Amino acid sequence: MTVATLKTVTPMVELAQLLIYGVVLGSIIALGAIGVSLTFGVLRFANFAHGDYMTVGAYLVLPFYAVLQLPMFAAVLIAIAGTALMAVTIDRLLFERLRQAGPLVLLISSFGVGLMLRSVVQMVWGPRTLVYESGIDLPLRLGALRIKPDHLTIIGGALLLVLTVHLLLTRTRIGKAMRAMSDSPELARVSGINTAQVILFTWVAGAALAATAGFFLALDTTLLPGMGWFFLLPVFAAAILGGIGRPYGAIIGGYVIGITAEFSTLFISAAYKPAVAFAIMVAILILRPTGILRGN
């Protein structure tokens, strides 16, 4: 880096650059946290395999895009459909049978599901780091700021999905049924809502968001079998911060966690960014256990 370049990197430029990185990270976290909140709100179930659903979704893009050379958009849609089918199948074979046993049994079983999915990914694709495309992704220049094209894809895609979730929950019958079950499952059943259909759609929506979040995470970084597991802490921190079971709160929590984690690199090493998410989660549990939007 030349002296002239160093002079252009002012504190304001550095803060603006970190804000961009924070919005990118927050977009990925928010999508994962919405899926966690939807599942918890409807099923009262903290699914700790959610991070590994993200991993599966990210890896499923690889054969269709890198091997079959389908357009990226088509490969992502196939990966989303595959992840949704996997989530529904796991629910039918395992979680549905354990639902009456209580949330603790479901929680422990989700750990096992996550471990199995991680092992399958490692057996199929190996433990090494993979990428969708090799080469250098040249950033776009906005004055002194640098923005990668992939970052624009992540931010734009996340905003589109957030809007889709909003329209789903407010304008569709199944979305209103999901909100009713989240507020009061017993009252929803008495009111004649088809709870089995709502549960099915909840898994599909949650898995679709997880797959997209996993794809965006891999697009921004790399593919690793443990990527979703390592990303689970900020996802749950965002869900808890916003109010567990509240999708809108998860959106707020995701961006707060992402932006705060990036700005924390001004004071601490970037390696400690996950610790920032953990610290925020602990603080919220102490000061406001129900989260910003008072979750379930």
Side-chain angles (χ1 to χ4, degrees), residues 19-20 22-47 50 53-54 57 73 76-77 79-81 83-84 87-88 151-185 187-188 191 193-195 197-217 219 231 234-259 284 290-296:
L19 178 61
I20 293 171
V23 171
V24 172
L25 179 59
S27 297
I28 301 171
I29 295 173
L31 292 181
I34 295 170
V36 166
S37 287
L38 286 175
T39 305
F40 187 89
V42 172
L43 301 174
R44 300 297 191 272
F45 166 35
N47 181 19
H50 192 79
Y53 288 5
M54 293 173 58
F73 183 72
V76 172
L77 288 181
I80 289 172
T83 308
V88 171
H151 287 171
L152 295 178
T153 300
I154 293 169
I155 295 172
L159 292 178
L160 180 62
L161 284 172
V162 165
L163 177 60
T164 301
V165 170
H166 168 69
L167 295 176
L168 168 70
L169 294 176
T170 58
R171 304 294 178 85
T172 66
R173 180 177 297 179
I174 189 67
K176 293 175 181 177
M178 289 170 66
R179 291 167 59 193
M181 275 197 69
S182 179
D183 291 335
S184 176
L187 184 60
S191 301
I193 291 176
N194 187 338
T195 57
Q197 185 183 52
V198 172
I199 290 171
L200 173 65
F201 192 83
T202 299
W203 281 115
V204 171
L209 289 166
T212 308
F215 164 68
F216 285 158
L217 179 60
L219 195 64
F231 205 69
V235 165
F236 266 88
I240 292 170
L241 173 61
I244 190 70
R246 303 296 184 189
Y248 295 108
I251 297 168
I252 298 171
Y255 284 103
V256 169
I257 294 289
I259 293 171
I284 286 296
T290 55
I292 296 174
L293 298 188
R294 295 188 181 277
N296 297 315

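Keep in mind the model is a prediction, meaning the values are calculated, not measured. When reading the values below, keep in mind they use all heavy atoms of this one structure, side chains included, and skip hydrogens, waters and symmetry mates.
Taken from CE in M178 to CD1 in I193, the straight-line distance is 11.5 Å, to the nearest 0.5 Å. Here I252 contributes atom CD1 and I257 contributes atom CD1; the two are 12.5 Å apart, rounded to the nearest 0.5 Å. Residue F40 holds its CZ atom at 12.0 Å from CG of N47, rounded to the nearest 0.5 Å. To the nearest 0.5 angstrom, L217 atom CG is 12.5 Å from T212 atom OG1. Summarising the geometry, atom OG1 belonging to T202 is positioned 10.0 Å from atom CD belonging to Q197; distances are rounded to the nearest 0.5 Å. Taking CZ of F215 as the start and CE of M54 as the end, the distance is 12.5 Å to the nearest 0.5 Å.
Here the closest non-hydrogen pair linking G253 and L241 is CA-CD2, 3.7 Å. Counting all heavy atoms, side chain and backbone alike, R44 lies closest to M181 at NH1-O, 4.1 Å. Of all heavy-atom pairs between G32 and H50, the closest is O-NE2, 3.1 Å. What you find for T170 and K176 is that their closest heavy atoms are O-CE, 3.3 Å. Contact record, I29 with G254: CG2-CA, 3.8 Å, taken as the closest heavy-atom pair. The nearest pair of heavy atoms linking A158 to F216 is N-CE1, 4.0 Å.
Checked options L38, T172, N194, L168; the residue passing with F201 is L168 (criterion: side chain to side chain contact (heavy atoms under 4.5 Å, CB included)). Partner of V235 under the side chain to side chain contact (heavy atoms under 4.5 Å, CB included) criterion, out of V36, I240, I34, I28: V36 alone.
A donor-acceptor contact shorter than 3.5 Å is absent between the side chain of R246 and the backbone of S37. At distances below 3.5 Å, not a single donor-acceptor pair connects side-chain atoms of H151 with backbone N or O atoms of V24.
At least one side-chain heavy atom of L169 sits less than 4.5 Å from a side-chain heavy atom of Y248. Put simply, the side chain of Y255 reaches to within 4.5 Å of the side chain of S27, judged on heavy atoms. Taking 4.5 Å as the limit, every side-chain heavy atom of L25 sits out of range of all side-chain heavy atoms of I259.
For A87, the side chain to side chain contact (heavy atoms under 4.5 Å, CB included) partners are Y53, W203, A207, not counting sequence neighbours.
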